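Below is one structure, written out as structure tokens; comments come after it.
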Amino acid sequence: MHATTTMSPRRVAGAYLQEIRSECLRYLRAPGFILPVTLFSTVFYLMFGVLLSPPGSDASRYLLASYTTFGVIGPGLFGFGASLAIEREGGLLTLKRALPMPPGAYLIGKMVMAMGMGMLVVVLLLVCGLTLGGVHLPPSRVLAMLATGALGVLPFCALGMFVGTLLKGQGAPGLLNLVYLPMAFLSGLWLPLRLLPRPLQAMAPVWPSYHLNQLTLAAVGVGRGALLPHVLALAAFAAVFLALATRRLRRVG
Amino acid sequence: MNASHPPVAELVGVTHRYGTLTALDALDLAVRPGELLALLGPNGAGKSTSIGVLLGLVRPQSGRARLFGADPQHVASRRRIGVMLQSAALPATLRVGELLRLTASYYPAPRPLAESAALAGVDDLLTRPYGKLSGGQQRRVQFALALCGRPDLLFLDEPTVGMDVEARQALWAAIRSLVGAGCAVVLTTHYLEEAEALAQRVVMLGQGRVLAEGSVDALRGRVGLTRIRCLSDLDAAAVAGWTQVAAAQREEGRLVVTTTATEAVLRRLLDADAALSELEVRRAGLADAFVELSRQDREAA
């Protein structure tokens with residue numbers, strides 16, 4: 001009997017990479033996930049930001065930001081929440097917990113997948129905006145958009161993860177949509193906030209999507225005010241939902 | 001076997017309750033190096049909870065669990081085990097080879113991919129997406145994932161459910177060869193013939209406690225039951241009322257009598273029915289022993 005239970009750092013890193021690779025591959029091969037998540041926001045932008053807005057207008061720049069926010073939330077909520085709910089029901093999570101998978105690899109795999117998808121959404125929207133929408137962005141702003149997309153996914157991963165611990169199986173996407181769509185509306189992602197009733201405007205900072213939208217607006221150059229409060233608000237959302245989700249996972253598995 | 005070596009997995013006085021239901025009741029269980037231990041028992045006997053505690057999935061409310069002398073919740077102690085659970089929906093879009101590579105990456109010194117695939121008989125499936133496989137093929141892939149880390153202890157939870165006879169025989173052969181190479185196995189199964197075919201030691205659980213343990217032969221011997229089958233017109237209900245008869249019923253047109261006093265009951269049967277024919281007497285199987293032990297346990301309770 002051999003007794004090797006220590007793993008070289010190289011092999012541990014390899015396990016994380018395999019987990020990330022598998023998580024990305026399985027979703028790239030799942031059109032039912034990848035198409036709605038990437039195309040929803042792109043199609044909306046093409047309709048409202050390109051067809052119904054004059055090229056190069058403020059509207060087309062503003063909508064590029066808000067549909068980017070809308071599009072980036074999707075991979076976080078659904079990539080994390082829906083898959084967690086299904087894997088809890090199907091027993092995959094149990095198997096992974098029984099196997100000597102490095103702790104955290106499961107979550108990091110999903111996180112990297114969601115970040116990659118978030119960047120893909122941003123790239124698709126940027127291509128539409130910079131060509132068809134006639135929006136001009138210097139390279140620094142393009143990079144700011146990509147970074148906002150990649151990091152902006154994270155609070156929604158945490159929120160999705162929490163929703164994924166509330167119920168098992170195929171019911172999760174429905175519940176996630178009940179969170180996703182009203183939250184997008186109430187954060188001014190579809191209609192500018194000033195067109196909403198005052199009480200709803202006042203309530204907007206409750207939603208994490210509102211704060212992410214302030215960052216994407218700033219990235220395309222139409223934002224105002226300090227960014228740090230929004231970054232802190234998003235970090236706090238992420239921390240709270242991550243804590244709630246891990247606590248529930250530990251209790252209910 | 002290897003009784004002097006420390007156990008590879010162990011439960012010591014483990015009690016676990018779900019609400020008012022006691023799943024494990026001060027259970028002691030030890031798996032010795034290299035042995036094939038079958039864990040049997042009806043639903044609710046505590047098999048799944050025992051396995052869950054040994055795998056670190058369930059933290060016991062009292063008592064302790066050890067894997068290779070360490071806490072099963074530490075990832076390092078699980079690097080020497082392989083796991084095949086009763087149900088695990090693996091990602092449908094990943095190919096078999098990709099699943100093997102991923103699972104092997106969790107272990108310090110895994111088998112080469114081709115070796116794992118050959119042992120489990122999935123070498124021809126490596127490029128197929130998991131979701132496109134039949135139920136039996138998926139079970140074989142799960143078995144390949146269980147053994148790919150070169151484990152010293154393998155947990156197989158109902159491994160042959162959904163397999164046809166040929167696939168089951170092939171899996172049994174693979175399990176035997178792993179045990180031959182020194183790997184200990186904890187097997188739970190509803191198929192008692194599976195335990196009879198494979199197990200060196202059987203632990204029967206009931207209501208979270210060990211009802212009996214020992215080799216298959218010892219357990220059969222312990223209940224000392226014999227099955228008498230014959231062609232006879234005698235009324236089964238009447239025979240069941242005879243002293244020393246544990247049970248009597250009709251099965252496929254034959255009279256089947258279970259008893260602990262074979263000779264006396266045989267004599268009485270032959271006296272009662274001169275036309276009795278096709279007489280068959282054999283020692284009770286694990287299934288009969290199991291029913292009898294559960295019955296004794298209920299009566300004692």
Side-chain angles (χ1 to χ4, degrees), chain A residues 1-34 79 83-106 109-110 113 168-170 249-253, chain B residues 2 5 8 33-34 51-52 54-59 67-68 70 72-95 98-99 101-110 129-131 142 145-146 148-153 155 157 181-184:
Chain A
M1 202 160 38
H2 61 94
T4 37
T5 56
T6 49
M7 293 263 278
S8 64
R10 207 187 132 98
R11 275 203 70 77
V12 173
Y16 276 98
L17 286 178
Q18 276 290 341
E19 195 68 40
I20 290 167
R21 178 177 181 270
S22 304
E23 204 59 30
C24 292
L25 265 181
R26 60 186 281 211
Y27 284 107
L28 286 175
R29 291 184 191 145
F33 169 75
I34 200 165
S83 68
L84 179 63
I86 288 166
E87 287 161 16
R88 283 174 62 229
E89 176 171 84
L92 182 61
L93 184 61
T94 310
L95 177 67
K96 295 226 174 212
R97 284 172 59 213
L99 289 173
M101 177 179 66
Y106 179 78
K110 288 196 186 307
M113 189 278 295
K168 285 187 176 182
Q170 306 292 343
L249 271 185
R250 214 170 287 137
R251 287 199 183 161
V252 299
Chain B
N2 295 332
H5 289 87
V8 289
I51 301 270
L54 284 172
L55 292 174
L57 298 170
V58 178
R59 188 178 274 289
L67 266 185
F68 302 96
Q73 297 204 323
H74 293 158
V75 66
S77 52
R78 295 200 306 274
R79 289 193 180 125
R80 289 170 71 182
I81 66 167
V83 184
M84 179 173 176
L85 295 180
Q86 217 171 113
S87 64
L90 298 175
T93 52
L94 288 186
R95 302 195 173 99
E98 291 163 350
L99 287 169
R101 215 166 291 128
L102 170 65
T103 310
S105 77
Y106 302 154
Y107 291 91
Y130 181 77
Q142 292 166 26
L145 299 181
C148 75
R150 217 186 283 279
D152 293 319
L153 171 60
F155 288 89
D157 198 1
C183 180

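What you see is a predicted model, and the numbers here were worked out from it, not measured in a lab. Residue numbering restarts at 1 for every chain, and letters A, B, ... go by the order of the sequence lines.
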Next on the checklist: Donor-acceptor pair, distance only, cut-off 3.5 Å: does the side chain of B:Arg78 make one with the backbone of A:Arg97?
Outcome noted: yes

Checklist entry - Judged by atom type as modelled, is there a donor-acceptor pair below 3.5 Å linking the side chain of B:Arg79 to the main-chain atoms of A:Thr6? => result no

Item to check | Choice from B:Val75, B:Leu57, B:Leu55 maximising heavy atom contacts with chain A below 4.5 Å | outcome: B:Leu57

Next on the checklist: For a 4.5 angstrom cut-off between non-hydrogen side-chain atoms, does A:Leu25 reach B:Thr93?
Outcome noted: no

Checklist entry - What heavy-atom pair brings B:Ala89 and A:Leu92 nearest, and what distance separates the two atoms? => result O-CB, 3.6 Å

Item to check | Nearest heavy atoms of B:Ser105 and A:Met7, plus distance in Å | outcome: O-CE, 3.6 Å

Can you tell which part of [X] gets under 4.5 Å to a heavy atom of chain A, answering side chain, backbone, both or neither?
X	answer
B:Ala104	backbone
B:Arg59	neither
B:Ser77	neither

Checklist entry - Under 3.5 Å, is there a donor-acceptor pair between the B:Tyr106 and A:Gln18 side chains? => result no

Next on the checklist: One pair to check against side-chain contact (heavy atoms from CB on, under 4.5 Å): A:Arg29 and B:Arg95. What are the steps and the verdict?
Outcome noted: CA-CA 11 Å; A:Arg29 291 184 191 145; B:Arg95 302 195 173 99; 3.1 Å; yes

Item to check | Distance (rounded to the nearest 0.5 Å) between B:Thr103 OG1 and A:Lys96 NZ | outcome: 7.0 Å

Item to check | Between CZ on residue A:Arg21 and CD on residue B:Glu98, distance to nearest 0.5 Å | outcome: 5.5 Å

